[in-house]
**Student:** 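Dropping a structure here in structure tokens format, bear with me for questions.
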Amino acid sequence: MQYLAEGLRLPTNGLDYTILAIYFVVVLGIGFAARASVRTSLDFFLSGRSLPAWVTGLAFVAANLGATEILGMAATGAQYGVAVVHWYWIGAIPAMVFLGLVMMPFYYRSKVRSVPEFLLQRFDRSAHLLSSILFAFAAILIAGVNLYALSIVVEALLGWPQWVAIVVAGLFVLVYITIGGLSSAIYNEVLQFFVILAALIPLTLLGLKRVGGWDGLSGSLEKQHGADFMTAWGGTGIGDANPLGANWLTIVLGLGFVLSFGYWTTNFAEVQRALSAKNLSAAKRTPLIAAFPKIFIVFAVMIPGLVAAVVVPRIGTPDSDLTYNDAIPLLMQELLPNGVLGIAVTGLLAAFMAGMAANVSSFNTVFTTDIWQRYVKKDQPDAYYLKFGRLITAVGVLASIGTAFIAASFSNIMTYLQTLFSFFNVPMFVVFIIGMFWKRASMKSGVWGLVAGTTAAMVNYFVIYKQGVIDIPSDQGANFVSAIVGFVAGAVVMVAVTLFTAPKPEAELAGLVYGTESPDADEAPDEGDSAWYRKPALLGWGAMVLAALCYLPYSL
């Protein structure tokens with residue numbers, strides 16, 4: 001297990017703890033306030049489909065902006081350099097736009113309560129059950145990553161052992177999600193979005209000042225790691241060496257298409273926020289609104305990681321007791337005065353709770369509606385499923401406490417997350433994308449595509465990469481390759497199975513396949529005027545253009 005360096009303790013005082021205490025009181029207050037609106041299982045799992053687009057949009061980006069992203073992407077910046085921008089401008093924005101413009105109409109109009117439930121409508125029960133189990137398992141693993149990330153911060157703050165920090169933090173999140181359901185999680189995520197920015201912006205600015213601005217940062221890192229460390233595409237030619245250990249083809253296909261689209265379009269922790277919107281127009285705008293802050297957040301997580309690589313040149317190496325995950329706590333200790341330090345600690349705790357709440361709330365929805373209600377206890381009163389949803393939330397948090405210790409064995413938690421995404425999200429994405437655009441895809445092809453994709457990705461990672469059958473320079477590079485292998489294997493198997501099994505009756509595909517019209521496709525007009533910010537297509541194109549302009553300096 002990777003523990004925080006012994007000397008890395010934050011010099012907190014009473015002011016910092018006061019800021020932290022106020023935040024926790026507000027979070028619990030929001031949970032109790034949201035409880036009044038939870039009367040049915042739909043209220044608990046999807047906020048009654050009643051939230052406005054700006055709320056769901058900010059919650060969408062905050063759910064992803066968890067402690068795993070802040071600590072993990074800063075760690076990735078310290079380890080791989082400016083190449084971390086790929087995870088945002090290639091690995092997020094295009095997929096978020098695709099989700100909003102193309103996939104949300106299918107999700108929202110079908111009135112599904114979860115992503116696996118869509119597979120039940122498009123394929124059959126076997127695809128639905130397997131995808132539900134895989135997603136529930138992955139959600140618990142990812143929630144555990146958030147718990148471990150928080151334990152790093154709490155250990156730095158209080159000096160608590162990791163296991164104590166993990167248990168206490170997990171129980172706190174359990175309280176406010178169990179009380180207020182998804183509404184509590186979403187409204188807290190809106191608050192957490194602004195608290196997280198208040199923590200990251202001072203850290204970024206003070207970090208740049210410490211190393212002599214961008215020029216000083218670039219000069220130091222190029223001297224230590226070479227010029228490619230400060231460019232996004234440097235050394236990414238096929239056969240060339242670069243810090244990331246990946247070439248342009250695996251970056252574009254593995255990260256930019258397979259991993260990215262697999263995560264953003266099928267990860268229910270994100271999609272659930274859009275499904276809670278008040279109508280289809282608001283649901284489509286949810287990921288598009290989130291795309292705009294996502295474009296710029298990369299600077300607030302990348303730069304602290306780069307600064308940490310200058311302040312501690314040997315960070316993450318066997319010669320140092322600091323792992324890459326320690327980059328953010330290290331800068332907090334080195335740079336922030338009391339008061340600002342309290343805001344930064346609060347921001348990291350907020351990030352942890354946003355990430356964990358997103359995964360736990362999606363886990364309780366999938367387990368209750370897709371597994372328990374569908375296959376174990378059918379046709380029970382709605383009050384029964386509301387009560388069971390709260391119970392399984394507690395089970396999910398306790399399970400996450402156990403999986404947190406798995407995450408502790410990785411020196412870069414973002415690498416671990418990408419490994420999980422290649423195993424679980426990518427196979428689900430290939431089944432979705434083929435089922436959504438190919439009417440002939442048979443009912444049985446869904447489950448076999450999931451099996452083939454998951455198996456192939458795991459074999460590539462654990463056998464071909466880990467056993468050295470093929471030399472792949474880094475874990476991240478191996479993740480990109482695993483994603484491509486899983487996608488191709490799932491697609492090939494789906495096509496092969498379709499050739500020998502019966503297709504779904506065309507009458508049952510209405511609204512589930514691109515080009516077919518849902519029986520209730522008429523969408524009620526959105527409230528308000530027809531301003532540009534209410535038009536999903538314009539929002540989507542705006543996000544893409546802005547991301548392209550941001551990328552221009554790094555592609556030169």
Side-chain angles (χ1 to χ4, degrees), residues 2-12 16 20 62 64-81 84 87-88 145-159 162 165 169 192-193 195-211 217 221 297-316 320-338 340-356 407-408 410-417:
Q2 297 286 343
Y3 287 95
L4 195 68
E6 186 62 33
L8 193 52
R9 295 288 181 265
L10 302 181
T12 49
D16 302 314
L20 191 58
N64 178 252
L65 190 60
T68 52
E69 172 155 350
I70 293 174
L71 295 184
M73 283 303 179
T76 302
Q79 185 172 5
Y80 301 120
V84 72
W87 274 266
Y88 290 78
V145 179
N146 279 279
L147 265 177
Y148 167 62
L150 176 78
S151 73
I152 294 176
V153 179
V154 173
E155 186 182 14
L157 175 65
L158 301 174
Q162 277 191 351
Q192 288 156 356
F193 173 76
V195 175
I196 292 166
L197 291 184
L200 290 177
I201 291 173
L203 199 63
T204 301
L205 297 177
L206 291 172
L208 281 174
K209 182 179 179 182
R210 169 71 177 269
V211 295
L217 180 67
L221 290 176
I297 286 171
V298 61
F299 297 108
V301 293
M302 174 184 71
I303 292 175
L306 298 177
V307 171
V310 173
V311 174
V312 184
R314 296 186 179 276
I315 188 172
S320 173
D321 60 350
L322 289 170
T323 70
Y324 293 113
N325 293 328
D326 298 325
I328 291 288
L330 169 71
L331 293 191
M332 290 168 58
Q333 180 198 54
E334 291 279 328
L335 301 176
L336 299 183
N338 291 111
V340 178
L341 181 60
I343 295 174
V345 171
T346 302
L348 283 184
L349 296 183
F352 146 75
M353 288 189 290
M356 184 177 179
F410 287 75
S411 65
N412 186 332
I413 54 178
M414 188 52 62
T415 299
Y416 174 52
L417 275 179

**Student:** Quick one: pull up CG in Leu335 and CG in Leu208 and give me the separation to the nearest 0.5 Å.
**Tutor:**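 So the CG of Leu335 and the CG of Leu208 are separated by 10.0 Å.
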**Student:** Which distance, rounded to the nearest 0.5 Å, do you find between the OH of Tyr324 and the OH of Tyr80?
**Tutor:**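 Output value for this atom pair is 7.5 Å.
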**Student:** Rounded to the nearest 0.5 Å, what's the gap from CG on Leu200 to CD1 on Ile70? Could you check?
**Tutor:** 4.5 Å
**Student:** Supply the atom-to-atom distance Ile303 CD1 to Leu205 CG, rounded to the nearest 0.5 angstrom.
**Tutor:**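 Spacing of CD1 (Ile303) from CG (Leu205) equals 8.5 Å.
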**Student:** Over all heavy atoms of both residues, which pair between Met73 and Val301 is shortest? Give the atoms and the distance, please.
**Tutor:** CB-CG2, 3.8 Å
**Student:** Restricting to non-hydrogen atoms, name the atom on Ile315 and the atom on Ala309 that form the minimum distance, rounded to 0.1 Å.
**Tutor:** CG2-CA, 4.2 Å
**Student:** So how far is it from Met302 CE to Thr204 OG1, rounded to the nearest 0.5 Å?
**Tutor:** 9.5 Å
**Student:** Nearest 0.5 angstrom please: Ile297 CD1 to Ile196 CD1, how far?
**Tutor:** 8.0 Å
**Student:** How close do Ile328 and Pro304 get, counting heavy atoms only, and between which atoms?
**Tutor:**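 That closest heavy-atom pairing would be CD1-CB, 3.7 Å.
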**Student:** Shortest non-hydrogen contact from Ala344 to Leu336?
**Tutor:** CB-CD1, 3.3 Å
**Student:** Closest approach of Ala308 and Ala327, non-hydrogen atoms and distance?
**Tutor:**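 Reported closest heavy-atom pair: CB-CB, 3.6 Å.
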